[in-house]
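Chain letters run A, B, ... following the sequence lines, proteins first, then strands; residues in each count from 1. Small disclaimer: the values here were computed from a predicted structure and weren't measured.
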2 protein chains.
Amino acid sequence: MRLRPASYLILGMVGLGARSGHAIKQAADRSTQFFWPMSLAQVYPELARLHGGGLLRREEDPRGGRERHAYALTDAGEQALGEWLRSGHAESTQFRDEGILRLFFADALTPADQLALLRRLRERAAAVTASTREEILPAAEALEASGTRGPALVARLRADTYSYVEGWLERAEAELGDP
Amino acid sequence: MRLRPASYLILGMVGLGARSGHAIKQAADRSTQFFWPMSLAQVYPELARLHGGGLLRREEDPRGGRERHAYALTDAGEQALGEWLRSGHAESTQFRDEGILRLFFADALTPADQLALLRRLRERAAAVTASTREEILPAAEALEASGTRGPALVARLRADTYSYVEGWLERAEAELGDP
DNA sequence: GTGTGCATGTAAGGAGTTACATGATTGC
DNA sequence: GCAATCATGTAACTCCTTACATGCACAC
């Protein structure tokens with residue numbers, strides 16, 4: 001059975017206590033979304049696959065007449081997750097950013113339009129920093145207080161990195177406007 | 001005719017002087033690869049599509065018995081590229097990083113394994129900085145000397161950002177080892 | 001004559017997205 | 001009664017990747 005990053009993401013979320021497909025998606029939207037996007041349509045087929053492969057246990061857990069499944073890691077699931085976390089193996093990273101692509105080709109623009117592009121990118125970076133600090137970090141810090149530090153670590157890395165990029169772009173703007 | 005980022009990437013590369021599909025792919029591998037990956041199999045169909053849509057002119061330009069096409073921007077192509085560059089519209093960004101995903105779930109590891117993970121991520125960041133400065137920047141700076149500044153700007157942004165991340169991870173390591 | 005680089009493409013498949021489809025529960 | 005939230009799934013499609021397929025030119 002082949003496991004992809006999305007498989008480990010689901011395994012990891014179950015490990016952190018998310019029990020239903022819905023809860024996994026909710027948690028992912030508030031935390032891992034930014035460095036590993038996952039759509040809802042991926043969650044249910046993948047849960048079924050992981051259950052079929054013996055990595056997840058599944059129990060019926062209805063709320064009234066509304067069906068619900070409660071997933072938990074099996075021993076094999078726990079082991080697969082641990083092995084992945086310890087392996088440095090072939091870390092797939094992929095970064096796609098249309099804004100940076102524009103910047104690459106910015107010489108085709110007038111200086112004024114170049115400045116406008118830099119300003120837009122800077123504002124976007126600032127917005128990422130702000131939304132991460134206001135919307136993502138608080139929940140991550142609540143988890144941190146109970147001993148789970150990964151989410152807060154990652155949220156701070158994101159906020160601080162985009163804050164750095166914001167400053168970098170601000171300097172680039174200044175240099176472009178007044179060389 | 002619908003234009004995607006990969007379309008503008010090709011248009012932009014032609015604008016910068018890449019004439020054949022091969023040359024476009026070569027240039028992309030050395031520069032835009034890192035923030036907008038594009039595989040060879042995308043290039044030729046997309047060139048044909050852009051030619052069919054009137055955004056590229058195409059001439060036969062054989063080298064001996066080896067066929068070659070020389071592409072150039074039409075007025076419509078130049079205009080489409082310019083409009084995209086000036087539009088702030090819906091910048092699609094997507095960041096996927098398996099290493100950060102591991103960090104998010106790192107609480108499942110022993111402290112020693114957490115440290116090892118942080119170290120691996122730091123070394124990876126350092127390698128990105130180094131390879132960008134050594135392999136990407138020099139060519140971009142040569143272009144810069146002749147007035148095309150985008151490539152160097154983007155290469156420096158990449159190198160400096162990963163350098164910042166390297167320092168950040170180093171501090172995180174220190175805090176984890178000695179809180 | 002052989003390996004490296006230049007050059008153009010196609011076929012099949014995988015990963016992930018959008019949109020669709022449905023329905024119960026809970027709080028106002 | 002109504003809206004928001006919880007909850008589970010499927011279908012069609014798009015985008016992109018890997019692998020395949022071919023062949024000339026040039027330097028050594």
Asker: Tell me which of B:Tyr71 and B:Arg66 sits closer to the 5' end of DNA chain C, going by the nucleotide each one is nearest to.
Answerer: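 Whichever sits nearer the 5' end wins; that is B:Arg66.
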Asker: Just how far is it from atom CZ of A:Phe34 to atom CG of A:Leu157, taken to the nearest 0.5 Å?
Answerer: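 That separation rounds to 13.5 Å.
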Asker: May I have the distance from A:Met1 (atom CE) to C:dG14 (atom P), rounded to whole angstrom?
Answerer: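 The distance from CE of A:Met1 to P of C:dG14 comes to 15 Å, rounded to the nearest Å.
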Asker: Measuring centre to centre across the rings, with the benzene-like ring taken for any Trp, is B:Tyr164 within less than 6.0 Å of A:Tyr164?
Answerer: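 Here the rings of A:Tyr164 and B:Tyr164 have centres that are less than 6.0 Å from each other.
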Asker: Do the numbers put B:Arg102 on top of the ring of B:Phe104, so that NZ or CZ is under 6.0 Å from the six-membered ring centre and no more than 45° off the axis?
Answerer: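 Not satisfied by the 6.0 Å and 45° rule.
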Asker: Answer yes or no: is there a donor N or O on one side and an acceptor on the other, between the side chain of A:Ser20 and the main chain of A:Ala70, under 3.5 Å?
Answerer: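 No, the answer is negative, given that no donor and acceptor are paired below the 3.5 Å cut-off.
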Asker: Given atom NZ of B:Lys25 and atom P of C:dG5, what is their separation to the nearest angstrom?
Answerer: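 Taking NZ of B:Lys25 and P of C:dG5, I get 15 Å after rounding.
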Asker: If the helix axis at each end comes from five base pairs, how far does the helix from C:dG1-D:dC28 to C:dC28-D:dG1 deviate from straight, to 10°?
Answerer: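 Here the local axes at opposite ends form an angle of 30°.
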Asker: Shorter than 3.5 Å, N or O on both sides, protein versus nucleotides 15-19 of chain C: list them out with atom names.
Answerer:
unit_1	atom_1	unit_2	atom_2	d
C:dA15	OP1	A:Arg2	NH1	3.3
C:dA15	OP1	A:Arg2	NH2	3.3
C:dA15	OP2	A:Arg4	NH1	3.2
C:dG16	OP2	A:Gln42	NE2	3.2
C:dT17	OP2	A:Ser39	N	3.1
C:dT17	OP2	A:Ser39	OG	3.2
C:dT17	OP2	A:Gln42	OE1	2.9

Asker: Flag the pair A:Arg120 and A:Asp113 as a salt bridge only when some basic side-chain nitrogen lies within less than 4.0 angstrom of an acidic carboxylate oxygen.
Answerer: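 A salt bridge is absent here (no side-chain N lies under 4.0 Å from a carboxylate O).
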Asker: With DNA chain C as reference, determine whether A:Arg63 or B:Ala70 sits nearer its 5' end, using the nearest nucleotide of each.
Answerer: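 Its nearest nucleotide being more 5', the pick is B:Ala70.
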Asker: Evaluate A:Ser7 against A:Glu46 for side-chain hydrogen bond (donor to acceptor under 3.5 Å, both in side chains), listing each step before the verdict.
Answerer: CA-CA 7 Å; A:Ser7 319; A:Glu46 189 61 26; 2.7 Å; yes
Asker: Spell out, as yes or no, whether a donor-acceptor pair under 3.5 Å connects the side chain of A:Glu175 to the backbone of A:Ala172.
Answerer: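 No, A:Glu175 side chain to A:Ala172 backbone: no donor-acceptor pair under 3.5 Å.
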Asker: What's the separation between atom CG in B:Leu169 and atom CG in B:Leu121, rounded to the nearest 0.5 Å?
Answerer: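 Output value for this atom pair is 6.0 Å.
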Asker: Looking only at side-chain N and O atoms, does A:Asp160 offer a donor or acceptor that is under 3.5 Å from a partner on B:Trp168?
Answerer: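 Indeed, the side chains of B:Trp168 and A:Asp160 share at least one donor-acceptor pair under 3.5 Å.
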Asker: Report yes or no: is the cationic atom of A:Arg57 (NZ for Lys, CZ for Arg) closer than 6.0 Å to the six-membered ring centre of A:Tyr71, at no more than 45° off its axis?
Answerer: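 Output no; distance or angle outside limits.
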Asker: I'd like to know if B:Arg133 and B:Glu141 make a salt bridge, using a cut-off of under 4.0 Å between side-chain N and carboxylate O.
Answerer: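 Between B:Glu141 and B:Arg133 there is no salt bridge, as every charged N stays at least 4.0 Å from the carboxylate O atoms.
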Asker: What are the 5'-most and 3'-most nucleotides of DNA chain D lying under 4.0 Å from any heavy atom of chain B?
Answerer: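 Span of nucleotides near chain B: D:dC15 to D:dA25.
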Asker: Would you mind reading off the distance between B:Arg19 atom CZ and C:dA7 atom P, rounded to a whole angstrom?
Answerer: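 Rounded to the whole Å, the gap is 11 Å.
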Asker: Without decimals, in angstroms, what is the distance between A:His22 NE2 and C:dT26 P?
Answerer: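 Spelled out: NE2 on A:His22 to P on C:dT26 is 14 Å.
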Asker: Whole angstroms only, please: what is the OH-C1' distance between B:Tyr44 and C:dT10?
Answerer: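 Rounded to whole Å, this separation is 12 Å.
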Asker: Round to a whole Å and report the spacing from CG of B:Asp61 to C1' of C:dA7.
Answerer: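 Taking atom C1' of C:dA7 as the reference, CG of B:Asp61 is at 11 Å.
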Asker: Atom CD of B:Gln26 to atom P of C:dT4: distance rounded to whole Å?
Answerer: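 Rounding to the nearest Å, CD of B:Gln26 and P of C:dT4 are 15 Å apart.
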Asker: Answer with base, sugar-phosphate or nothing: what part of the nucleic acid does B:Arg58 contact at a heavy-atom distance below 4.0 Å?
Answerer: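 Touches sugar-phosphate only.
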